Asker: 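Please find one structure pasted underneath; my questions will follow.
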Amino acid sequence: MSTDQNKFQAIISHCKEYGFVFQSSEIYDGLSAVYDYGQYGSELKKNIKDYWWKSMTQLHEDIVGIDAAIFMHPTTWKASGHVDNFSDPMIDNKDSNKRYRVDHLIEGYAETLPTEAGEALLAQMDELLKENDFAGLKTLIESNKIKCTVSGTVNWTEVRQFNLMFSTQLGSVTDEASEIYLRPETAQGIFVNFLNVQKTGRMKVPFGIAQIGKAFRNEIVARQFIFRMREFEQMEMQFFVRPGTQQEWYEKWKEERMQWHLSLGIDPAKYHFKDHIKLAHYADAAVDIEYEFPFGFKEVEGIHSRTDFDLKQHQEYSKKKIQYFDTEINQNYVPYVIETSIGLDRMFLLTICNAYAEEDLSTPEKADSRVVLRLPAKLAPVKLAIFPLTKKEGLPELARELMNDCKSAFYCFYEEKDAIGRRYRRQDAIGTPFCVTIDHQTKEDGTVTIRHRDSMEQERIPLSEVKALVLNKIS
Ligand code: GAP
């Protein structure tokens, strides 16, 4: 059994062992903070994506989706402020040459202090970050004698800003090639398409545009598995509202997004809101939804009141009018924006951490245990595993019939090998909510044994009812 401290390590190992997440290019020793999703991981990730997409678009008549390109005109990032502002204060240790994000270095040290002292240190740090007081941050690090984890020394450089965007060249001939960026957020693809969507979709403010896609950031401190990656996916929605109504919509989206998380059956005590102390250059209010990971409460999603900053900037830089004529009040204006932005990979990590359980099933006669992923049925990679009890006597044929009937409706898994108990345990480990066993009695009375993952209870039901039962649980 894992202790709390090593539970996270156990989860990482489980993700690899059962085909959820692999280190990218592992045969070449991997690439730092870049990961690949395996056969079950990619299914789980897709199910999370679909759940978000459906809840945002299909269930909201006033939100439509788009899929914009990763490459955007370079001026986009000048207008958005990312070229000038998308940076973090960094500090290097002169002996090890290791670079740290200043807030992470101080936070790491604060965790080693008694609670009150740690909180006081973090309050000092927040104040200095808010003021962009880099000299003050360096003094704070030095006066607390915060050491580099590699060299163990306190020999620090000055604190400097470091831009997080990756750049590359567009075009084949070096002279003609221009520098472009891999997008660090998907939001700008929505802003530059505001008028295209509003006009072609005849959308009326208030309305939203949703998007799921890759984003790239040259994160300096890349740690905690897929929590902080250099290539990741975001699920973002920009909701365009009449100026002056942004506060009301901000509160509404805060509530609605929290309800989305809770709709997955996750314990509300595992979540809280955390207001931003230092607002981004575009925001007039911002809050994070934080989840209690095995390494503490951390951000999963941000809700930002982005004002009219982005649309106004694109209007200025493109010299094209980006306005909306509101027929109800007979006025032209640049809409204000409420953004909801959730990291798909972080939501994946949250889902796995929340589902992972090690259970002691020992009886006085026999030691036993299992690892189970208690995933919400609608997110589980495999919904139904189908097992013929033996490989003979017509049982595989009956099992195959059920498989053929169900596989177009949801993801099924078929297996003939090994004892039933071992087959159950393998499905528990990947979070399959239902297993069905076809045995000799099935041939006689058309019933099967269905086994429920969480309770491990087994019941006898008609074979003809299996598909409807699973569909009911995953819808
Ligand atoms: N458009 C606003 C925006 O990008 P953000 O707070 O920088 O805001 C939004 O990012 C979400 O994207 C975060 O809440 C987090 O879930 C996810 N995210 C950000 N950086 C990430 C990274 N390096 N790796 C994985 N997810 C990340």
Side-chain angles (χ1 to χ4, degrees), residues 10-11 13-22 26 36-44 46-47 352 355-363 365-375 377 379-467 469-471 473-474:
I11 291 172
S13 306
H14 190 86
C15 280
K16 178 169 180 204
E17 192 180 339
Y18 287 93
F20 283 88
V21 182
F22 306 124
E26 195 187 318
D36 297 339
Y37 288 85
Q39 63 277 28
Y40 294 125
S42 54
E43 281 296 325
L44 173 57
K46 184 181 164 301
N47 292 343
I352 291 264
Y356 181 89
E358 295 174 2
E359 292 177 354
D360 184 358
L361 306 173
S362 299
T363 59
E365 295 77 41
K366 196 168 136 231
D368 195 9
S369 66
R370 71 165 179 163
V371 172
V372 55
L373 290 188
R374 295 170 172 276
L375 293 169
L379 299 186
V382 177
K383 312 295 189 204
L384 176 68
I386 302 172
F387 305 146
L389 185 64
T390 65
K391 290 185 193 168
K392 301 181 293 222
E393 290 154 358
L395 302 187
E397 287 75 7
L398 275 178
R400 280 280 172 207
E401 254 178 55
L402 179 63
M403 179 86 185
N404 288 337
D405 184 32
C406 292
K407 73 183 183 191
S408 60
F410 45 79
Y411 198 122
C412 304
F413 179 85
Y414 177 90
E415 193 173 44
E416 295 175 352
K417 261 207 341 253
D418 289 336
I420 287 291
R422 290 178 72 175
R423 288 187 246 173
Y424 284 158
R425 290 296 154 82
R426 281 200 290 268
Q427 294 306 311
D428 287 345
I430 62 165
T432 305
F434 305 103
C435 296
V436 154
T437 303
I438 313 280
D439 56 19
H440 295 101
Q441 194 183 331
T442 313
K443 290 207 296 188
E444 286 158 24
D445 64 5
T447 62
V448 294
T449 301
I450 188 157
R451 186 232 189 214
H452 300 262
R453 176 197 65 202
D454 295 346
S455 62
M456 293 194 291
E457 267 168 23
Q458 302 184 16
E459 56 175 328
R460 206 78 206 168
I461 63 164
L463 175 64
S464 56
E465 288 178 11
V466 172
K467 186 176 178 183
L469 183 146
V470 177
L471 275 175
K473 295 286 180 196
I474 63 174

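All values reported here derive from a predicted model rather than from experimental measurement.
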Asker: Taking Asn47 for the side chain and Leu379 for the main chain, is one N or O donor matched with an acceptor at less than 3.5 Å?
Answerer: yes

Asker: For Ile352 versus Cys15, what's the shortest heavy-atom pair and its separation?
Answerer: CG2-SG, 4.0 Å

Asker: Any side-chain heavy-atom pair from Ile420 and Leu389 closer than 4.5 angstrom?
Answerer: yes

Asker: Any heavy-atom pair between the side chains of Ile386 and Val448 that's under 4.5 Å?
Answerer: no

Asker: Any side-chain heavy atom of Asp428 sitting closer than 4.5 Å to one from Arg451?
Answerer: yes

Asker: Nearest 0.5 Å please: distance from the OG1 atom of Thr449 over to the CD atom of Gln441.
Answerer: 7.0 Å

Asker: Does some side-chain heavy atom of Arg370 sit less than 4.5 Å from a side-chain heavy atom of Tyr424?
Answerer: no

Asker: Any luck finding a side-chain donor-acceptor pair between Thr432 and Tyr40 under 3.5 Å?
Answerer: no

Asker: Suppose the criterion is side chain to side chain donor-acceptor pair (under 3.5 Å): which pairs have a residue in residues 379-392, not counting sequence neighbours?
Answerer: none

Asker: For a quick test of reading the model, state the closest non-hydrogen atom pair linking Phe20 to Pro381 and the distance between them.
Answerer: CE2-CG, 3.9 Å

Asker: Considering non-hydrogen atoms only, spot the tightest contact between Ser42 and Tyr37 and give its length.
Answerer: N-CB, 3.9 Å

Asker: With a cut-off of 6.0 Å (strictly less than), are more than 12 heavy atoms of other residues, nucleotides or ligands near NZ of Lys467?
Answerer: yes

Asker: So which heavy atom on Arg425 is nearest to which on Ser369, and how close?
Answerer: NH1-O, 3.4 Å

Asker: Can you check whether Leu395 reaches His440 side chain to side chain, under 4.5 Å on heavy atoms?
Answerer: yes

Asker: Taking the side chain as everything from C-beta on, heavy atoms only, tell me whether Met456 gets closer than 4.5 Å to Val372.
Answerer: no

Asker: Please enumerate all residues that pass ring pair (Phe, Tyr, Trp, His ring centres under 6.0 Å) together with Phe413, with sequence neighbours excluded.
Answerer: none

Asker: Which residue pairs pass the salt bridge (charged side-chain N to carboxylate O under 4.0 Å, His left out) test with at least one member in residues 432-443, sequence neighbours excluded?
Answerer: Asp439-Arg460

Asker: When you measure from the side chain of Thr447 to the backbone of Ile461, do you find a donor-acceptor pair of N or O atoms at a distance under 3.5 Å?
Answerer: no

Asker: If you take all heavy atoms of Gly431 and Ala380, which pair is closest and at what distance?
Answerer: O-CB, 3.5 Å

Asker: With sequence neighbours excluded, what pairs up with Glu459 under the side-chain hydrogen bond (donor to acceptor under 3.5 Å, both in side chains) test?
Answerer: His452

Asker: Does a sphere of radius 6.0 Å around CD in Glu457 hold more than 12 heavy atoms from other residues, nucleotides or ligands, not counting ones at 6.0 Å or beyond?
Answerer: no

Asker: Measure the CZ-CD1 distance between Phe434 and Ile474 for me, rounded to the nearest 0.5 Å.
Answerer: 8.5 Å

Asker: Suppose the criterion is salt bridge (charged side-chain N to carboxylate O under 4.0 Å, His left out): which pairs have a residue in residues 408-423, not counting sequence neighbours?
Answerer: Glu415-Arg426, Asp418-Arg426

Asker: Not counting sequence neighbours, which residues clear ring pair (Phe, Tyr, Trp, His ring centres under 6.0 Å) with Tyr18? List them please.
Answerer: His14

Asker: Are Leu384 and Cys406 close enough that some pair of their side-chain heavy atoms sits under 4.5 Å apart?
Answerer: yes

Asker: Between Tyr356 and Leu373, does the side chain to side chain contact (heavy atoms under 4.5 Å, CB included) criterion hold? Intermediate values first, please.
Answerer: CA-CA 5 Å; Tyr356 181 89; Leu373 290 188; 4.0 Å; yes

Asker: Distance-only, no hydrogens or angles: does the Arg453 side chain make a donor-acceptor pair with backbone N or O of Gln427 under 3.5 Å?
Answerer: no

Asker: Could you tell me which non-hydrogen atom of Leu398 sits nearest to which non-hydrogen atom of Ile438, and how far apart they are?
Answerer: CB-CG2, 3.8 Å

